[in-house]
Amino acid sequence: MKKGEWRFDTKAVHGGNRPEEYLGASQVPVFQAAAHRYGTAEELNEIFAGKKPAYIYQRMHNPTSRVLEQRIAELEGGKKALVFSSGMAAISNVLLALTRAGDELVCGNSLFMTTYIFLARVLPRYGVTVRMAETDDPANFADLINERTRLIYLETIGNPRMDVPDLPAICKLAHKQGAPVAVDNTLATPYLLRPIAAGADIVIHSTTKFFNGHGSAVGGAAVDAGKFNWNSRRFPDFADAVKRAGRLAFSDKLWREYLIVLGGFQAPWHSYLTLLGLETLGLRMARHVENAAKLAQFLEAHPKVKWVNYPGLDSSPYHRMAKKLFGGKGYGGLLTFGLKNQAQCFKLIRSLRLCYQLANLGDAKTLVIHPYSTQYVSFPEPERQQLGIKPEMIRVSVGIEAGEDILEDFEQALKRI
Ligand SMILES: *Cc1c(COP(=O)(O)O)cnc(C)c1O
């Protein structure tokens with residue numbers, strides 16, 4: 001079997017690995033070096049001129065991080081990936097690379113909090129018009145696209161609204177109007193959904209979450225599908241990149257003019273930890289979705305729980321779409337649920353013994369947080385409402401512990417509220 005034909009779990013273990021290049025070591029070494037040495041001036045001249053591929057400086061690339069880039073590109077079915085110092089570095093670099101003053105961008109209205117801050121508050125300061133579409137109907141996106149629209153941006157599973165937009169339909173409508181689509185696939189991971197196969201042009205990850213899987217390193221990635229035609233009137237500023245890299249013009253530009261310039265490359269030690277985590281992505285996701293489904297059903301049946309929002313439940317308005325897009329492999333590891341009020345949420349969190357209260361997700365450990373009083377504490381009320389942040393809501397990132405232990409922890413804590 002050829003490398004390119006490996007199945008998901010095999011790519012997760014072996015993707016990008018080249019032991020022959022590092023003394024046969026089965027794990028990629030941490031190339032902890034700021035720069036690489038070359039003997040002759042002629043050689044370094046060739047390298048800088050792009051005539052000879054080689055490593056120069058850690059702000060640009062690094063052998064450890066390169067393995068991670070290749071593995072993520074393979075898992076997502078993309079042509080090239082770049083890794084960043086955080087998910088937000090990946091997101092902000094991608095959005096900056098695609099928009100100039102006077103340009104427009106259409107994004108879904110269900111967004112990760114910091115992404116929302118970048119789109120609603122920061123990007124408009126640079127003269128970019130950001131239009132937000134309600135994600136439930138693809139036509140809402142199409143209505144907002146015009147000849148100035150340079151990007152459609154959305155999350156494959158919205159955090160924390162848990163909405164699942166009709167990605168194939170949105171991609172089709174966007175492409176018909178000549179605009180590329182970038183998605184944040186952090187919550188679904190390529191285990192559930194490979195957005196490029198569904199039509200997306202750019203896939204972004206916070207590798208901090210399920211990719212790393214153990215809460216040991218912050219990181220991000222952007223994957224270029226290598227399919228979009230950037231040689232168009234909408235992207236005159238991509239002409240040089242198109243000459244250099246053709247259909248990979250986007251990742252070429254992103255690397256040269258944003259990643260290197262803004263300085264948010266992923267450090268090798270972080271890449272190493274994330275590579276280690278990725279090896280078990282398939283195994284972990286299978287347990288995450290199994291435990292999340294069990295907890296969602298348990299909570300939905302509990303008299304003290306008012307509602308549960310999880311795309312795996314029949315009661316979710318996104319169940320049918322999630323079933324179609326995720327092909328029965330499950331519905332993710334994140335869920336939200338409602339109690340009577342904020343005071344009950346605080347009591348419940350205080351009573352949990354196994355679950356950790358912290359601001360992260362996709363960890364092997366089960367994590368809970370009360371978003372309204374933490375991440376969103378300084379958000380104006382209308383924005384909290386738009387993003388689905390309610391005072392009576394708890395968010396759970398369901399871990400890979402024994403499912404029964406997670407249920408028992410919630411059961412004993414619910415008794416105490
Ligand atoms: C956490 C998260 C991010 C941001 O990633 P960082 O690694 O924390 O910068 C972006 N999108 C989603 C969906 C996330 O959950």
Side-chain angles (χ1 to χ4, degrees), residues 65 68 72 76 81-96 107-123 135 151 153-165 167 182-193 195 200 202-223 258-259 262-267 269-271 273-274 277-278 281 285 288 292 309 311 318 322 331-336 358-363 365 367-369 371 374-376 387-389 395-399:
S65 299
L68 178 61
I72 292 173
E76 282 290 5
L82 295 170
V83 290
F84 293 80
S85 54
S86 68
M88 278 319 300
I91 291 167
S92 55
N93 275 262
V94 165
L95 296 177
L96 287 169
C107 63
N109 68 346
S110 166
L111 295 164
F112 174 68
M113 178 199 58
T114 321
T115 304
Y116 178 84
I117 292 174
F118 190 75
L119 284 166
R121 314 221 215 288
V122 179
L123 206 51
T135 56
L151 181 68
Y153 182 87
L154 64 151
E155 297 182 1
T156 50
I157 302 178
N159 176 9
R161 216 179 82 188
M162 312 300 303
D163 53 314
V164 181
L167 184 64
V183 299
D184 180 335
N185 198 34
T186 301
L187 262 50
T189 81
Y191 176 83
L192 290 181
L193 174 69
I202 299 158
V203 180
I204 300 174
H205 279 278
S206 165
T207 61
T208 318
K209 314 293 169 55
F210 294 102
F211 276 17
N212 175 286
H214 301 80
S216 67
V218 171
V223 186
Y258 293 87
L259 195 158
L262 297 175
F265 190 60
Q266 185 165 146
W269 173 234
H270 282 209
S271 296
L273 290 169
T274 303
L278 268 179
L281 179 66
M285 286 307 293
H288 279 297
N309 187 10
Y318 306 105
Y331 300 89
L334 206 70
L335 62 86
T336 58
L358 56 81
N360 193 12
L361 62 90
D363 196 299
K365 303 173 181 80
L367 314 173
V368 298
I369 196 156
T374 57
Q375 296 131 322
Y376 297 86
L387 297 168
I389 312 301
R395 191 188 78 183
V396 189
S397 173
V398 186

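Just so you know, ligand 1 is whichever comes first in the structure, and atom 1 is the first atom listed for that ligand. Numbering of residues begins at 1 and proceeds along the displayed sequence.
- The two atoms that bring Asn185 and Pro195 nearest to each other are ND2-CD, 3.3 Å, heavy atoms only.
- Atom 6 (P) of ligand 1 has its closest protein heavy atom at Gly87 N, 3.4 Å.
- From the protein, the heavy atom lying nearest to atom 1 (C) of ligand 1 is Lys209 NZ, 1.3 Å.
- Distances below 4.0 Å separate heavy atoms of Leu361 from the following atoms of ligand 1: 15 (O).
- Taking 4.5 Å as the limit, some side-chain heavy atom of Gln375 sits within range of a side-chain heavy atom of Ile369.
- Under the 3.5 Å distance criterion, the side-chain polar atoms of Ser271 are left unmatched by any main-chain donor or acceptor of Leu68.
- Less than 4.0 angstrom separates some heavy atom of Asn159 from each of these atoms of ligand 1: 15 (O).
- The atoms of ligand 1 that sit less than 4.0 Å from any heavy atom of Ser86 are 7 (O), 9 (O).
- Within the 4.0 Å heavy-atom criterion, the part of Ile91 lying near ligand 1 is the side chain and not the backbone.
- In this structure, Gly219 has a heavy atom closer than 4.0 Å to ligand 1.
- Taking a cut-off of under 4.0 Å to the non-hydrogen atoms of Asp184, the atoms of ligand 1 that pass are 10 (C), 11 (N), 12 (C), 13 (C).
- Using a 3.5 Å distance cut-off with no hydrogens or angles, the side chains of Thr135 and Arg161 do pair a donor with an acceptor.
- Checked by atom type and distance alone, the side chain of His288 never pairs as donor or acceptor with a backbone atom of Gly332 at under 3.5 Å.
- On a distance-only criterion, Ser206 and ligand 1 share at least one N/O pair closer than 3.5 Å.
- In this structure the side chain of Ile389 never reaches within 4.5 angstrom of the side chain of Met113, judged on heavy atoms.
- Taking both residues in full, the closest heavy atoms of Phe84 and Gln266 are given as O-NE2, 3.0 Å, listed atom of the first, atom of the second, then distance.
- Residue-to-ligand polar distances place Met88 within reach of ligand 1: an N/O pair is separated by less than 3.5 Å.
- Atom 3 (C) of ligand 1 has its closest protein heavy atom at Phe112 CE2, 3.3 Å.
- Between the Thr207 side chain and the Gly220 main chain, a donor and an acceptor come within less than 3.5 Å of each other.
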